Amino acid sequence: MDTVIPSAVFYAISGVLVLGVLIGLSLMSKPKTARAGNALGAACAVAAIIVTMYNYSVLTAPVILASIAMGVIISLFIVFKVKMIQMPQLVALLNGFGGLSSALVAVLSYSQAESRFSSVSSTVALIIGFITFTGSLIAAGKLHKVLPQKPVVIKGHTVIVLLLTAAVIACAACGLPVWVTALLSCLFGIAFAVRVGGADMPITISLLNSLSGVAGGIAGIAVGDIMLVAIGGIVGASGLLLTQIMCKAMNRKLLGILLGSTPAKTAVAENSENEPAEEDPAAREKIALAPEEILKDAKKVIIIPGYGMALAQAQSKVKALADKLEEKGAEVKFAIHPVAGRMPGHMNVLLCEVDVPYDKLHEMETINPEFAECDAVIVVGANDVINPAANTAEGTPIYGMPVLDAAAAKAVIICNFDEKPGYAGVPNPLYKSDNTLLLLGDAKETVSKLIDCI
Amino acid sequence: MSPIILIIVFLVATVVGYFIINNVPSLLHTPLMSGMNALSGITVLGALAVTAVVLKPYSGVLSVIIGAVAIVLAVVNIAAGFGVTARMLKMFKKEDK
């Protein structure tokens with residue numbers, strides 16, 4: 001294929017655009033400059049598209065223009081229609097699109113391949129692309145609740161996954177028809193994503209995000225596009241780093257998550273049986289806490305939001321509650337656990353949407369020492385991230401995960417939907433604690449009740 | 001282009017990418033993930049390149065359809081990705097402003 005731009009000029013342009021993307025990404029990691037970073041990234045992407053089209057002299061090709069127009073129209077629809085709470089599944093879905101696109105690019109470049117090198121790299125891109133595609137769709141389905149959120153482990157799952165891996169490699173190596181490799185890769189993507197539990201989904205999405213970058217980069221190697229190679233590589237690596245950060249926050253091992261290994265279920269059952277016996281039922285009855293009494297003289301209140309707040313769409317009520325508490329002179333802070341919600345930073349997005357200033361949102365490390373001196377903690381739809389069992393109940397899935405130290409506060413008000421254990425399936429001893437007030441039901445209503453009683 | 005150079009570029013990009021996003025506050029994890037997801041739609045460049053090749057000379061309707069679908073998907077990934085990221089980031093504001 002002939003290109004229009006002399007290669008030296010093309011390298012220079014690529015270098016500038018890739019640098020732009022890098023600067024954009026690094027700007028995006030600081031709150032003040034994040035918007036500028038995003039805009040810069042988008043501008044570089046648009047420039048890269050135009051340069052590529054010019055380079056292949058298809059700036060006016062009707063098929064290509066029509067395809068781009070269609071993509072833009074669908075995008076506009078998505079950008080303005082999607083609700084913030086649907087963000088995790090949207091990212092997963094978009095990621096699937098990217099993966100499929102890379103896979104299709106690989107299919108075409110495979111059929112055009114002239115050298116062994118380009119057919120091999122096409123095959124690799126094709127495999128990763130299709131895995132990303134089906135894996136992301138499963139992840140999106142789980143987050144959107146069309147698919148069961150519990151890890152689905154079929155009999156001999158590991159064997160099946162290993163067999164599929166071997167089969168994919170064998171197919172690719174023996175040069176079987178592309179569609180066989182594609183089909184097997186799709187199956188592999190499904191097999192690996194279904195066994196991941198809902199709570200681990202953020203990590204899976206982040207990993208798939210990284211994978212789609214890698215798929216793009218390798219597709220770039222196959223078609224010989226240096227810009228695509230560089231940007232794909234950057235996304236692949238930074239996605240992997242983000243995945244690691246999340247694993248660390250959840251105290252999970254990446255491999256463990258991918259293998260769907262939740263630590264022994266029996267330990268959980270034992271614990272839930274033991275706990276009621278350990279505590280003194282009389283002590284519970286003694287202190288009847290009323291929310292108005294807890295909040296009346298509270299000088300310092302920490303609010304802990306969780307996925308329940310997102311589900312009940314209670315964020316504006318929570319904001320109203322914070323405002324009302326501040327009006328009467330209390331200091332209100334929000335404590336955000338790194339993995340509250342279904343994506344890291346999910347809570348921040350929701351709270352910022354209702355105009356909670358982001359300097360009131362505090363990360364776990366900075367706010368944990370403050371719980372001891374605060375008068376009241378209000379938990380809205382969070383469970384696992386405040387579960388003190390994480391420090392004590394050895395053998396449970398959340399053991400060792402850093403949690404918000406809500407138990408240290410003078411009083412805890414929990415506005416959760418029910419008393420059931422959270423995502424990790426570990427009962428929360430905080431529910432039974434003396435200084436805890438449980439307000440069960442829809443978070444929107446329970447938070448409203450709190451507002452009314454102040 | 002020489003395969004060796006492409007592989008070197010890929011490796012260098014990986015190393016650079018690994019160090020670029022250190023110390024991200026968890027406040028920004030979702031927008032960053034969403035932004036990176038948008039960037040992974042850059043595979044549109046590959047889609048454009050292969051479609052250009054199958055268009056000139058025209059090499060069968062199936063290839064063109066595959067190429068066109070790849071472009072549509074990648075454009076949705078990139079445009080919707082940046083769009084929702086911008087929408088998310090617009091909501092982050094400081095008090096007294």
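Within every chain, numbering begins at 1; the chains are lettered A, B, ... in the order of the sequence lines, protein sequences first and strands thereafter. Everything quoted here is computed from the prediction, not taken from an experiment.
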Greatest number of non-hydrogen atom pairs under 4.5 angstrom with chain B, of A:Gly216, A:Gly232, A:Gly213, A:Ser102, falls to A:Ser102
A:Thr366 side chain to A:His362 backbone, donor-acceptor under 3.5 Å:
no
Is it the side chain or the backbone of A:Phe80 that comes within 4.5 Å of chain B heavy atoms, both, or neither?
backbone
Please look at B:Ile78 and chain A and tell me whether the side chain, the backbone, both or neither of the residue comes under 4.5 angstrom of a heavy atom of that chain.
side chain
Identify which part of B:Leu55 has an atom lying under 4.5 Å from any heavy atom of chain A, answering side chain, backbone, both or neither.
side chain
Any sub-3.5 Å donor-acceptor pair from B:Asn77's side-chain atoms to B:Asn37's backbone N or O?
yes
Non-hydrogen atoms of chain A under 4.5 Å away: do they reach the side chain of B:Ala68, the backbone, both or neither?
both
A:Ile336 and A:Leu351: side-chain contact (heavy atoms from CB on, under 4.5 Å), yes or no, with the steps?
CA-CA 10 Å; A:Ile336 314 285; A:Leu351 288 170; 4.0 Å; yes
Output the distance between atom CG (A:Leu17) and atom CD1 (A:Ile231), rounded to the nearest 0.5 Å.
7.0 Å
If I measure from the heavy atoms of chain B, does A:Ser75 come under 4.5 Å with its side chain, its backbone, both, or neither?
both
For A:Ala42, is it the side chain, the backbone, both or neither that has a heavy atom under 4.5 Å from a heavy atom of chain B?
both
Which region of A:Leu208, side chain (C-beta onward) or backbone (N, CA, C, O), has a non-hydrogen atom less than 4.5 Å from a non-hydrogen atom of chain B, or is it both or neither?
neither
Side chain, backbone, both or neither of A:Val82 within contact of chain B (heavy atoms, under 4.5 Å)
both
N/O donor-acceptor pair under 3.5 Å between B:Thr43 side chain and B:Gly46 backbone
no
